[in-house]
Amino acid sequence: MYATTKIRFLQNTLLFTVFLISYLVIYGWFNNIEVLKSIIPGYISMKFNTALCFIFLSISILIESNAKQLTFLSSILNVSVLIIAATSYSQELFDLDFGIDQLIIADNNAIEANEAFPGRMSPITSILFIIMTLSSIFIKAKKKLLYMQYALHFVTLMSVIATIGYIFHAPDFYTLNFMTSMAVHTSVAFFLLSVSTSLINPHLGLAGIFTGEQVGNVMARRLFLQMFSATFIIILLQYLGHKYNLVTIEFHMATFAIAAIIVNLFIICETTVMLNRKETKKRMAQENFRLVVESAPNALIKFDTKGNIVMINKQAEKMFGYDRELFIRKSIDMLVPDSVSPHYYKNMDYYNLKPESSYFGASRDLYAVRSDGTKFPVEIDLNPITTEGGAMVLASIIDITERKKNENIITNQMIELQMKNKEMEEFNYIASHDLQEPLRTLSNYVTLIEEDYGNELCDELKLHLKTMDNAVSRMSLLVHSILDFGRLGRDKLLSIENCNGIVQNVIEDLGTLIHDAQAVIKIDGTLPTINVYQTELRQLFQNLINNAVKFRRVDAPPEITIGAIKKERFYEFYVKDNGIGINPKHYERIFHIFQRLVKQDQYEGHGIGLANCRKIAEMHGGKIWVESIPGYGSTFKFTISNLAL
């Protein structure tokens with residue numbers, strides 16, 4: 001179609017012209033200017049009610065095309081025109097006078113000339129107005145659009161006939177066998193108004209022929225203008241020559257024949273050039289399509305709705321091992337036999353009922369067969385296309401043999417990894433349990449020695465036993481820590497949790513520690529509600545808050561700030577303290593299991609809390625790190641992915 005803006009511009013221009021003609025006529029009636037009322041001196045004038053109806057209809061159609069919110073006003077204008085036209089024509093039919101013809105202004109000239117119906121629009125004008133208003137009403141209601149479009153074309157035809165009658169002084173054409181005639185500017189206004197109204201639905205009727213963008217539409221526009229102009233000029237010249245006896249009738253006929261031959265020859269030449277250009281563009285497009293298909297990395301096969309192969313590319317030859325000539329007009333069954341992939345044909349039956357882009361082989365195994373009989377896994381993308389030969393299907397085929405091999409390797413590795421993880425969990429449990437048993441035995445013997453021989457032991461031996469018991473206790477705690485680290489995340493369960501509630505619960509659990517250290521904990525803003533592993537996230541906050549309290553400065557009570565920042569793909573949490581700080585060279589080391597930066601006698605701990613924190617952050621698709629200035633505090637930051645939230 002013509003661009004919408006061009007159609008709207010043409011439509012608005014035509015409507016404005018109708019409005020201007022009608023306005024000038026009304027102005028002429030109010031100021032008794034004959035040249036504005038009749039345009040051509042001596043000819044019939046446009047009646048006042050006719051001009052008023054043109055004003056109403058031009059405004060109504062402008063509203064329908066440009067201001068849908070004023071459709072109620074458009075309906076009132078349409079109904080008003082329908083009432084005026086129908087009343088005027090009923091007066092003609094029943095020889096009545098309802099006074100509508102001179103309701104606003106009197107036609108004094110007609111009264112002085114003793115006309116039978118002074119001020120009354122002609123019957124053909126009334127009929128055309130009725131057709132125009134009914135068409136507009138039905139178009140607005142979206143009913144009988146094609147019929148209404150042809151009704152508008154009928155108005156256009158009648159107006160053209162009347163205009164031609166005026167041009168060649170043939171009254172039978174502009175009276176149309178009615179007793180009264182249509183004014184020349186009335187016929188022009190009807191032509192412009194009916195054309196502009198038909199452009200509301202530019203794809204229907206004759207409007208669709210002249211506004212389309214296909215070859216036939218372009219040719220129709222060009223040829224119509226050329227043929228109409230040439231025919232009109234030739235006939236006008238013939239008319240003038242005959243009217244003023246400038247040449248003989250034989251000369252008229254000869255010149256008409258010569259002119260017709262020249263015009264037809266010119267039209268044939270231009271049509272041929274236009275069609276040749278279109279054909280050249282079409283061939284170029286086909287060649288470009290062929291080159292794209294040939295250079296495609298996937299095997300491409302085009303076949304008809306019966307499954308007969310029409311076209312293939314080089315990759316298809318290479319993939320299936322057939323020469324191109326063996327493909328053409330053979331059935332697609334030779335490449336994907338029913339015996340190899342029966343479910344493919346079930347999908348194809350459904351596809352034929354509802355052709356649309358479809359992808360086969362992604363969720364289940366689909367196999368094709370090479371020329372040597374070997375089968376291989378494929379994925380097939382089917383796309384319906386329309387060609388000159390009718391509906392076709394373009395199949396893009398991908399050999400996924402290597403992908404299947406890699407998937408099998410990955411699957412086997414995943415199974416092996418799961419088995420190793422299970423073995424490791426069992427080993428951790430057994431090892432921890434077996435390590436605990438000798439430690440308990442050793443601790444029991446230390447207790448027995450102290451109880452049975454406490455009075456006989458010297459102070460030095462008692463000190464050695466105490467040291468041994470402390471070492472056994474530390475070793476037991478380490479074994480417990482290893483077991484806890486190994487079990488972390490084993491029974492994880494995602495749930496929607498409010499992080500404010502999690503942090504408040506942790507603060508309550510650490511209440512005694514916080515109170516004794518006179519620590520102040522502040523939550524910066526509001527923490528988000530997100531999808532997390534609740535138990536593990538709670539442990540992460542507990543470890544970080546516990547460390548912030550534990551590693552405090554001796555000269556200042558702990559001040560801890562907890563907050564979160566929403567980023568594009570994750571939340572970034574932070575726990576900030578004013579403690580002893582961390583040397584930058586130890587930023588990575590502190591997150592490894594059993595790594596401690598301070599002596600055991602200065603700060604309690606086993607070097608496993610931050611290792612647990614890193615593991616928990618990674619479970620949530622994030623990471624953890626620290627930013628610190630020694631002597632001024634640290635800020636631990638960790639992220640939680642929100643892609644799965």
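- Every side-chain contact (heavy atoms from CB on, under 4.5 Å) that Phe30 has, sequence neighbours left out, goes to Ile26, Phe48, Ile104, Ile105.
- Taking the side chain to side chain donor-acceptor pair (under 3.5 Å) definition, one finds that Asp101 meets it with Gln91, Arg120, sequence neighbours left out.
- Residues satisfying the side chain to side chain donor-acceptor pair (under 3.5 Å) criterion with Lys37, sequence neighbours excluded, are Asn32, Glu34.
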Worksheet item: After noting the C-alpha distance and the side-chain angles of Lys6 and Leu10, does the key distance pass the side chain to side chain contact (heavy atoms under 4.5 Å, CB included) rule?
Response: CA-CA 6 Å; Lys6 291 183 179 179; Leu10 175 61; over 6 Å; no

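- With sequence neighbours left out, Tyr147 forms a ring pair (Phe, Tyr, Trp, His ring centres under 6.0 Å) with no residue at all.
- Considering every non-hydrogen atom in both Leu204 and His153, the closest pair reads O-NE2, 4.4 Å.
- Within the structure, the salt bridge (charged side-chain N to carboxylate O under 4.0 Å, His left out) test picks out no pair touching residues 148-161 (sequence neighbours left out).
- Scanning for side chain to side chain donor-acceptor pair (under 3.5 Å) contacts around Asn108 gives an empty result, with sequence neighbours left out.
- Judged purely by distance below 3.5 Å, without hydrogens or angles, the side chains of Ser45 and Ser38 never pair a donor atom with an acceptor atom.
- In this view, Glu294 and Arg324 satisfy the side chain to side chain donor-acceptor pair (under 3.5 Å) rule, not counting sequence neighbours.
- Partners of Leu62 by side-chain contact (heavy atoms from CB on, under 4.5 Å), not counting sequence neighbours, listed by chain and number: Asn12, Leu15, Asn66.
- Annotation: cation-pi geometry not satisfied between Lys144 and Phe138 (NZ/CZ under 6.0 angstrom from ring centroid, within 45° of ring axis).
- In terms of heavy-atom proximity, Ser135 sits nearest to Ile131 at OG-O, 2.8 Å.
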Quick one: side chains of residues 187-198, donor-acceptor pairs under 3.5 Å with protein atoms, not counting sequence neighbours, listed by atom name and distance.
unit_1: Ser187; atom_1: OG; unit_2: Thr163; atom_2: OG1; d: 3.1
unit_1: Ser187; atom_1: OG; unit_2: Val184; atom_2: O; d: 2.6
unit_1: Ser194; atom_1: OG; unit_2: Thr156; atom_2: OG1; d: 2.6
unit_1: Ser194; atom_1: OG; unit_2: Phe190; atom_2: O; d: 2.8
unit_1: Ser194; atom_1: OG; unit_2: Phe191; atom_2: O; d: 3.0
unit_1: Ser196; atom_1: OG; unit_2: Leu192; atom_2: O; d: 3.1
unit_1: Ser196; atom_1: OG; unit_2: Leu193; atom_2: O; d: 2.8
unit_1: Thr197; atom_1: OG1; unit_2: Leu193; atom_2: O; d: 2.8
unit_1: Ser198; atom_1: OG; unit_2: Ser194; atom_2: O; d: 3.4
unit_1: Ser198; atom_1: OG; unit_2: Val195; atom_2: O; d: 2.6

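- Side-chain contact, Ser60 with Asn78: a donor N or O sits under 3.5 Å from an acceptor N or O.
- Taking Lys281 as the reference, nothing meets the side-chain contact (heavy atoms from CB on, under 4.5 Å) condition, with sequence neighbours excluded.
- Residues passing the side-chain contact (heavy atoms from CB on, under 4.5 Å) test with Phe94 are Ser90, Leu96, sequence neighbours excluded.
- Residues satisfying the ring pair (Phe, Tyr, Trp, His ring centres under 6.0 Å) criterion with Phe16, sequence neighbours excluded, are absent altogether.
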